[in-house]
Colleague: 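Let me give you the structure first, and then I'll get to my questions.
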Number of protein chains: 2
Amino acid sequence: MDPPSSAARRASVIAGHLLGPYQSIANFSSSPVTPSPCLNYSPPDLSEKPPAFDVAALRRILDGHHHEARDWLFHLMEESPLFCPRRRGEFTFVAPDYNQTKEQQRAATMRRIEYLLGQGVFQGWFTGSDPEAGMRKLALFECIAVFDHSLSIKLGVHYFLWGGAINFLGTKRHHDKWLNASENFQVKGCFAMTELGHGSNVRGIETIATYDIDSGEFVINTPCESAQKYWIGGAANVGKVFHSTHTIIFSQLLINGTNQGVHAFIAQIRDNEGNICPNVRIADCGHKIGLNGVDNGRIWFDNIRIPRENLLNSVADVLPDGRYVSSIKDPDQRFAAFLAPLTSGRVNIAATAVYISKVGLAIAVRYALTRRVFSITADGPEVLLLDYPAHQRRLLPLVAKTCAMSSAANFLKRLYVNRTPESNKSVHIYSSALKATLTWNNMRVLQECREACGGQGLKTENRIGILKAEFDVQSTFEGDNNVLMQQVSKALLAEYIAAKKRKHPFRGLGLEHMNDPCPVIEANPTSSTLRSTEFQLNIICLRERDLLTRYASEVSRFQADGESKVNAALLSYQLADELARAFSERTILQIFIKEETTQSPGRLKDVLGLLRSMYALTCVEEDASFLRYGYLSRDGAAAARREVSKLCGDLRPHALSLVNSFGIPDSFLSPIAFDWIEANSWSTVNDE
Amino acid sequence: MDPPSSAARRASVIAGHLLGPYQSIANFSSSPVTPSPCLNYSPPDLSEKPPAFDVAALRRILDGHHHEARDWLFHLMEESPLFCPRRRGEFTFVAPDYNQTKEQQRAATMRRIEYLLGQGVFQGWFTGSDPEAGMRKLALFECIAVFDHSLSIKLGVHYFLWGGAINFLGTKRHHDKWLNASENFQVKGCFAMTELGHGSNVRGIETIATYDIDSGEFVINTPCESAQKYWIGGAANVGKVFHSTHTIIFSQLLINGTNQGVHAFIAQIRDNEGNICPNVRIADCGHKIGLNGVDNGRIWFDNIRIPRENLLNSVADVLPDGRYVSSIKDPDQRFAAFLAPLTSGRVNIAATAVYISKVGLAIAVRYALTRRVFSITADGPEVLLLDYPAHQRRLLPLVAKTCAMSSAANFLKRLYVNRTPESNKSVHIYSSALKATLTWNNMRVLQECREACGGQGLKTENRIGILKAEFDVQSTFEGDNNVLMQQVSKALLAEYIAAKKRKHPFRGLGLEHMNDPCPVIEANPTSSTLRSTEFQLNIICLRERDLLTRYASEVSRFQADGESKVNAALLSYQLADELARAFSERTILQIFIKEETTQSPGRLKDVLGLLRSMYALTCVEEDASFLRYGYLSRDGAAAARREVSKLCGDLRPHALSLVNSFGIPDSFLSPIAFDWIEANSWSTVNDE
């Protein structure tokens with residue numbers, strides 16, 4: 001069947017029968033009045049100017065580490081039919097088939113894990129424990145998420161949560177017994193912390209563990225419906241492969257009538273044939289807007305019994321005679337220790353969020369360099385989307401933000417893999433602030449990119465829209481972003497109080513600038529002032545300094561009025577939000593400046609400077625607090641705003657090179673990033 | 001099988017075997033050290049104070065019209081198994097099954113249409129043409145969208161686009177032949193305007209129609225791949241029921257070698273057995289992030305022939321001898337006339353967006369009135385989400401906005417159904433501004449509600465998350481929001497230039513305030529000033545007045561610098577965006593004030609006053625332009641911000657009553673809006 005050519009034949013037959021002046025019009029080929037020539041696709045890689053800087057070098061900066069391992073993994077996914085390669089025009093794209101039921105998507109996820117396991121991708125993910133191995137694991141994990149969030153979450157539950165809990169909360173007996181077996185998926189683990197009734201407030205969970213001296217066992221029970229474990233990734237699957245056989249259970253521990261608080265235990269929930277163990281009930285969490293390749297489940301424990309040794313006892317232990325012992329006396333600190341596995345999750349989420357923003361921007365920018373709309377002169381050609389100032393303004397500040405956040409994610413990962421007991425606090429604060437900031441940015445980037453691509457942004461084959469649904473969860477899981485940001489401000493407040501009380505200088509968290517004299521901001525900054533690192537740091541630090549002082553004084557004013565400390569902080573939530581944002585943006589700017597500073601002078605450094613200015617001035621432009629609290633004069637704010645527009649013009653020629661430096665292989669982008677006319681042609685209809 | 005009771009039996013057996021102090025702990029019922037009692041669900045309808053105002057009366061105001069017809073239709077959907085009623089605890093909820101492939105979802109959509117047709121829901125949708133019938137149709141349409149966007153879009157394509165095109169662009173011969181047949185779905189129509197290469201820029205479409213004098217036929221052709229019709233709702237289905245048999249084709253019309261511009265034609269694309277007609281090729285647009293119940297398709301025409309009479313000729317006609325005649329000489333105006341059917345779509349989209357925001361807010365507010373998290377005193381009870389100031393601040397301003405926008409949507413609908421040739425311009429401007437504003441608001445509301453519900457917001461059974469995916473398309477279809485807003489500002493600029501040039505006062509579009517002296521804003525407004533209608537109108541009008549003047553002078557400055565008129569407007573896009581927003585918010589405020597003014601004094605009016613103040617001051621707080629351009633002093637802005645927080649406290653007691661007044665039946669909400677513990681209990685697992 002060849003409709004176009006038969007149609008053409010038919011058309012020419014018809015034309016041959018026509019008479020009069022209409023003949024040549026009906027038969028377009030020879031008409032002198034043919035309409036304007038049909039749209040042509042011009043590949044931006046040919047139509048745009050060649051790169052003005054070393055794209056590969058920028059990629060190395062942005063990826064930060066292990067770009068070769070990334071490419072290796074991308075390639076592994078590209079070459080397997082399990083990753084649904086689809087031919088569209090001259091390109092092949094890989095992406096999950098989202099027109100599948102959740103059952104089908106789960107089965108596909110499990111087959112992909114099996115394949116990657118066979119290829120050795122997860123080698124060393126438990127057993128390699130040096131910082132390099134940690135960085136490699138994080139890099140590979142990001143690449144997996146670029147293919148599919150379900151795949152990365154299903155693996156994350158096993159390797160980061162289950163494995164992390166055993167690693168951090170267990171001791172040698174647990175490491176020996178479980179880690180090797182887990183690395184090659186003989187044991188498949190999940191992580192049962194959240195309950196129906198308690199998510200953010202983990203301390204309030206209702207599951208109860210008691211110790212039976214006689215049998216030397218813990219008895220773990222779900223006392224009521226609100227205590228059912230909920231959202232447990234990997235728990236629900238009814239298939240036969242890669243469902244969880246074991247779980248970490250977070251539970252209150254009652255000893256001699258005293259609640260010792262939340263502790264973590266290992267329990268088996270399925271046998272090796274996949275049958276659910278006695279006294280365990282499991283149900284599905286049902287269909288979700290994304291992550292349908294992950295079998296989130298609910299678990300009830302009906303007084304299940306586990307050996308005493310299954311208490312993860314690095315923090316506290318129960319002796320055979322039932323005595324409770326712990327090296328950490330303060331219950332708050334003990335509780336905090338149990339949340340350690342979540343930190344790796346946050347690091348991971350933050351890094352992944354940036355990578356996904358890159359996918360969205362690479363697609364939207366490439367599309368905007370090939371899609372034309374409206375003419376601006378009579379009978380003139382239609383204009384490329386990205387040549388509209390408004391379209392530049394929508395996308396290019398987000399490109400700069402994503403580059404800056406990429407460096408911040410790399411900083412966070414390095415901080416994490418090199419963590420020490422001393423750095424735990426800053427790891428917690430940075431990971432909280434960056435997890436919230438980078439995931440919110442990602443949702444905003446994807447929404448802007450989706451709208452910037454019009455209806456094409458909604459087709460799942462074009463990725464952007466479905467990535468929104470798949471990654472929306474990042475704003476609330478492993479710490480609700482709003483809760484995390486409030487915690488960041490509370491921690492900063494504690495630093496402030498400590499510094500003021502002890503009259504010690506600020507040290508750590510980048511707060512050293514608080515020790516300097518208050519920066520003075522020019523009322524009428526010139527363009528070159530606005531683009532200077534000094535001005536940008538000054539204005540961004542001034543905001544943080546002032547907001548921290550304001551927050552501290554508002555909280556203490558509420559306390560002076562008789563409010564409790566907790567209530568005073570709750571009532572000051574607006575300043576807390578503003579402060580946490582100020583902290584995050586100052587952190588990111590400092591990291592990005594450091595990245596730029598290490599480059600030798602040249603075109604790449606110049607482009608990094610443009611990106612840094614765009615990042616800093618966009619922060620200034622988007623946060624009304626600069627005007628609200630007078631950090632900038634109205635003229636200064638107007639000048640910053642104009643400068644952002646100028647920077648859009650300055651970055652426009654680099655747009656393609658910038659998104660090319662994101663290092664996402666073509667096959668992980670989408671048809672609208674390439675020849676979308678060819679990809680939609682009739683000849684491809686049967687390929688779909 | 002009865003696991004809970006067998007588990008309980010098992011637990012009691014175990015407990016009976018335990019010795020020592022642990023015995024009573026393992027068997028919780030009698031322990032003196034039982035942990036805090038399990039979470040209980042308290043229905044907010046019992047735990048909250050009784051309504052302080054007449055909820056039914058507020059519903060009548062917000063719905064505005066035809067609330068009985070709405071309830072009738074809601075009930076029709078509730079009682080049919082086709083609408084997937086699912087028992088959860090004591091409630092039954094209706095919602096599409098989104099764990100279905102697009103093919104299944106399309107089939108379900110068609111069965112639902114068949115059912116509603118049989119129930120007489122669509123009676124008079126074509127034949128009733130008085131304003132009341134128009135309002136009723138819009139009301140019913142909104143309710144259908146509350147169930148499922150696919151269902152409403154599939155119907156909208158047929159009744160609003162296909163039917164609207166025949167109605168507005170056709171003449172008696174088309175009305176007689178097609179309208180009756182369409183009302184009962186003997187003819188099933190779609191609307192082929194958009195092409196792969198041209199969406200917003202309809203004038204640039206590449207499909208070509210020529211006239212063959214000899215046969216008295218038009219020959220319509222898709223000359224190249226970019227000219228394929230794209231996103232054509234209703235076109236793709238391969239099923240046997242309710243696929244489109246006919247389409248409107250938008251095409252360039254070439255007459256005697258002259259392109260007369262875009263015209264609309266009727267063509268048959270399938271026979272009554274569902275076979276695709278000769279010289280027509282159809283393909284699927286593929287899977288989307290939402291609206292998978294709509295079969296969006298692509299169409300190629302290979303010189304198809306249609307009778308001369310199929311040109312929709314109310315605007316222009318081709319006589320049998322090939323002469324082109326039109327009552328509208330100006331090609332711009334002629335083109336504008338052809339876009340008329342899109343206006344009804346925009347009215348519809350704006351009204352639907354508000355209704356969907358109501359669904360999201362009703363669910364999120366009800367959940368926030370039953371979900372507790374964290375204690376604020378040691379051992380104190382956990383606090384209701386909605387008792388946190390920060391949570392109030394997230395949701396309650398959006399409740400007020402949605403109420404105000406509800407009135408604005410009613411205004412727009414009435415304006416539309418009572419339109420006259422004289423009101424066409426204002427219908428176009430208001431529908432553009434409100435379509436963009438209300439749909440953007442809807443996406444924001446849904447995102448905030450989804451995050452406010454945590455992970456529960458992601459389960460499709462809880463609706464909010466999936467509504468985001470289903471309604472995201474509203475921001476870009478039937479006019480990209482950004483393009484529409486730029487058009488609004490251009491229209492306001494034209495009014496400004498006309499008024500200044502002719503020294504006539506402003507008249508229409510609510511711009512009369514421009515004739516008054518410039519309002520003077522107090523530097524230190526008190527709380528009661530901030531809550532006064534006068535202050536609110538003054539500050540909101542001041543912004544519009546100033547932005548219009550600024551925009552006009554920026555555009556003329558660019559022109560003075562040698563830019564073309566078009567370019568000058570493109571370069572002033574930021575002021576255009578700000579102005580269009582100022583216009584929209586001023587319009588909405590004025591409409592909402594009018595609604596309040598018509599109420600007799602009493603508690604309902606008081607609540608409307610609170611909502612109006614919240615709406616106005618939230619607009620002030622969220623738009624940095626009040627500080628940027630100095631409409632408010634920094635102290636004034638700070639006072640407005642504090643007042644929003646106070647209003648949160650004032651509206652908190654009314655939160656439940658407010659969302660109850662939205663009039664969404666319980667069954668169209670979701671499990672988390674009611675007893676979510678019961679709905680998630682083990683006993684319901686097999687109900688799912």
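Naming: A, B, ... by sequence-line order, numbering from 1 per chain.
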Colleague: Given that the side chain runs from C-beta out, which part of A:Arg450 has a heavy atom under 4.5 Å from chain B: side chain, backbone, both or neither?
Modeller: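 A:Arg450 touches chain B through side-chain heavy atoms alone.
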Colleague: If you compare all heavy atoms of A:Arg634 against all heavy atoms of B:Tyr629, which two are closest, and at what distance to 0.1 Å?
Modeller: NH2-O, 3.3 Å
Colleague: Considering residues at least two apart in sequence or located in another chain, which fulfil the side-chain contact (heavy atoms from CB on, under 4.5 Å) criterion with A:Ala569?
Modeller: A:Lys490, A:Tyr551
Colleague: Below 4.5 Å from any heavy atom of chain B, which atoms of A:Leu467 appear? Answer side chain, backbone, both or neither.
Modeller: neither
Colleague: Answer with side chain, backbone, both or neither: which region of A:Tyr388 has an atom nearer than 4.5 Å to a non-hydrogen atom of chain B?
Modeller: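 Side chain only.
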Colleague: Would you please test B:Asn201 and A:Glu382 for side chain to side chain donor-acceptor pair (under 3.5 Å) and show each step?
Modeller: CA-CA 9 Å; B:Asn201 184 12; A:Glu382 290 180 286; 2.6 Å; yes
Colleague: Would you call B:Tyr230 and A:Asn680 a side-chain contact if the rule is heavy atoms closer than 4.5 Å?
Modeller: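 Result yes, sub-4.5 Å side-chain heavy-atom pair found.
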Colleague: Could you look at A:Glu678 and say if it's the side chain, the backbone, both or neither that has a heavy atom under 4.5 Å from chain B?
Modeller: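 Contact with chain B is absent: no heavy atom of A:Glu678 under 4.5 Å.
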Colleague: List the atom of B:Arg371, the atom of A:Gly199, and the distance in Å for their closest heavy-atom pair.
Modeller: NH2-N, 3.4 Å
Colleague: If you compare all heavy atoms of A:Ile289 against all heavy atoms of B:Gly465, which two are closest, and at what distance to 0.1 Å?
Modeller: CG2-C, 3.3 Å
Colleague: Under a 4.5 Å cutoff for heavy-atom pairs, which residue among B:Lys565, B:Lys468, B:Gln100, B:Gln252 has the most contacts with chain A?
Modeller: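 Among B:Lys565, B:Lys468, B:Gln100, B:Gln252, the one with the most close pairs to chain A is B:Lys468.
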Colleague: Looking at every non-hydrogen atom in both residues, tell me the closest pair between B:Lys102 and A:Asn99 and how far apart they are.
Modeller: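 Scanning both residues, the minimum pair turns out to be N-OD1, 2.6 Å.
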Colleague: Using the test side-chain contact (heavy atoms from CB on, under 4.5 Å), find all partners of A:Asp480 that sit at least two apart in sequence or belong to another chain.
Modeller: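 A:Asp480: side-chain contact (heavy atoms from CB on, under 4.5 Å) contacts with A:Ser200, A:Thr476, A:Asn482, A:Val483.
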Colleague: What are the two closest non-hydrogen atoms of B:Gln447 and A:Asp472, and how far apart are they?
Modeller: NE2-OD1, 3.0 Å
Colleague: For a quick test of reading the model, state the closest non-hydrogen atom pair linking B:Trp682 to A:Ala283 and the distance between them.
Modeller: CZ3-CB, 4.1 Å
Colleague: To the nearest 0.5 Å, what is the distance between OH (B:Tyr98) and CG (A:Asn292)?
Modeller: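 CG of A:Asn292 is found 13.5 Å from OH of B:Tyr98.
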Colleague: Is it the backbone or the side chain of A:Gln486 that comes under 4.5 Å from a heavy atom of chain B, or both, or neither?
Modeller: neither
Colleague: Name the region of A:Gln228, side chain, backbone, both or neither, that has any atom closer than 4.5 Å to a heavy atom of chain B.
Modeller: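 For A:Gln228, the side chain is the part near chain B, not the backbone.
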